[in-house]
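Everything numeric here is computed off the predicted structure, so don't read it as measured data.
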Amino acid sequence: MEEEYEGGEVKKFLYVNRRLPHGTAYAIESLETVLIGAAFDQDVSVLFIDDGVYQIKKDQSPESLEMKNFSKTFRALEMYDVEKLYVEQESLDARGLKADDLLVDVEVLPGSEIKSLIDQQDVILSF
């Protein structure tokens, strides 16, 4: 049975982050969209895959690119009750990263489980 909130039916939203954190607006726009979805009491999950894993990497310094470092804003997700954060294991492995290298707590999933995660969602937005 689906949950309901005062404004209607709760939908499961999955935000898929595939791109580097800097050089385009995709990463910051995704983060803003996630926060908006959470503010409207939707069931929000975030998946970091491919180069998207760099969005939550510790110790970013994009100042050399003359860009603002917004990565610490990902820590605000917890205040919005966004706790379903997932990272694909193979994406971490391919980039020489471990879960300890990330700013936020995530559940690391093998690629074989990503399809199941996607199948459970009502809405999928890819950035």
Chemist: Report the distance from atom CG of D51 to atom CG of N17, rounding to the nearest 0.5 Å.
Modeler: 12.0 Å
Chemist: Under 6.0 Å from the CG atom of D105, do we count more than 12 heavy atoms belonging to anything else shown?
Modeler: no
Chemist: To the nearest 0.5 Å, what is the distance between CG on L97 and NZ on K57?
Modeler: 6.5 Å
Chemist: Write down the atom of D122, the atom of V10, and the distance for their closest heavy-atom approach.
Modeler: OD2-O, 4.4 Å
Chemist: Looking only at heavy atoms, what is the nearest atom pair of G37 and V44, with distance?
Modeler: C-CG2, 3.9 Å
Chemist: Just how far is it from atom CD1 of I56 to atom CG of L102, taken to the nearest 0.5 Å?
Modeler: 4.5 Å
Chemist: Testing L92, V46, V87 one by one against V106 for a side-chain contact (heavy atoms from CB on, under 4.5 Å), which residue passes?
Modeler: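 In the set L92, V46, V87, the residue that makes a side-chain contact (heavy atoms from CB on, under 4.5 Å) with V106 is V87.
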Chemist: Determine whether a donor-acceptor pair (N or O, by modelled atom type, separation under 3.5 Å) exists between the side chain of Q42 and the backbone of F40.
Modeler: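 Confirmed, Q42 side chain pairs with F40 backbone.
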Chemist: Same hydrophobic cluster for F127 and V34, using side-chain heavy-atom links shorter than 4.5 Å among ILVMFWY?
Modeler: yes
Chemist: Is Y54 linked to Y15 within one hydrophobic cluster, defined over Ile, Leu, Val, Met, Phe, Trp and Tyr using a side-chain heavy-atom separation of less than 4.5 Å?
Modeler: yes
Chemist: Is E113 salt-bridged to K115, going by a charged N under 4.0 Å from an acidic O?
Modeler: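 No.
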Chemist: Within this structure, what is the CD1-CZ distance for the pair I49 and R19, rounded to the nearest 0.5 Å?
Modeler: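 Here the interatomic distance stands at 13.0 Å.
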Chemist: Side-chain heavy atoms nearer than 4.5 Å, only ILVMFWY residues, links allowed to pass through others: does that put V16 and I118 together?
Modeler: yes
Chemist: Step by step, work out the ring pair (Phe, Tyr, Trp, His ring centres under 6.0 Å) result for F48 and F74.
Modeler: CA-CA 12 Å; F48 298 91; F74 282 101; 5.8 Å; yes
Chemist: Tell me, with the steps shown, if D43 and K84 meet salt bridge (charged side-chain N to carboxylate O under 4.0 Å, His left out).
Modeler: CA-CA 9 Å; D43 183 351; K84 298 176 188 174; 2.7 Å; yes
Chemist: For E29, what residues pass the side chain to side chain contact (heavy atoms under 4.5 Å, CB included) criterion, not counting sequence neighbours?
Modeler: A25
Chemist: Evaluate the side-chain proximity of K12 to V123: yes if any heavy-atom separation is below 4.5 Å, no if none is.
Modeler: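 Not touching, per the 4.5 Å side-chain cut-off.
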Chemist: Are there over 12 heavy-atom neighbours, none belonging to Y86, within less than 6.0 Å of that residue's OH?
Modeler: yes
Chemist: The test is side chain to side chain contact (heavy atoms under 4.5 Å, CB included); show your working for E107 and L85 and say whether it passes.
Modeler: CA-CA 6 Å; E107 183 175 343; L85 304 176; over 6 Å; no
Chemist: May I ask you to decide whether D50 forms a salt bridge with R18, counting only side-chain N to carboxylate O separations under 4.0 Å?
Modeler: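 Salt bridge flag = yes for R18 with D50.
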Chemist: Does CD in Q120 sit with more than 12 non-hydrogen atoms of other residues, nucleotides or ligands closer than 6.0 Å?
Modeler: yes
Chemist: When you group the ILVMFWY residues by side-chain heavy-atom contacts below 4.5 Å and let the links chain together, are L125 and L20 in the same group?
Modeler: yes
Chemist: Give the minimum heavy-atom separation between E90 and L109, together with the two atoms involved.
Modeler: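 Nearest pair, atom of E90 first, then L109: OE1-O, 4.2 Å.
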Chemist: Quick one: are L31 and L77 in side-chain contact, heavy atoms under 4.5 Å?
Modeler: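 Of all side-chain heavy-atom pairs linking L77 with L31, at least one is under 4.5 Å.
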Chemist: Is D100 paired with K58 through a side-chain N to carboxylate O contact shorter than 4.0 Å?
Modeler: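 D100 and K58: not salt-bridged.
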Chemist: Are V104 and L47 connected in a single hydrophobic cluster, I mean Ile/Leu/Val/Met/Phe/Trp/Tyr linked by side-chain heavy atoms less than 4.5 Å apart?
Modeler: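 Different hydrophobic clusters.
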Chemist: Look up atom OG1 in T33 and atom CD1 in I28, then write down how far apart they are to the nearest 0.5 Å.
Modeler: 9.5 Å
Chemist: Closest heavy-atom contact between A99 and V108?
Modeler: CB-CG2, 4.0 Å
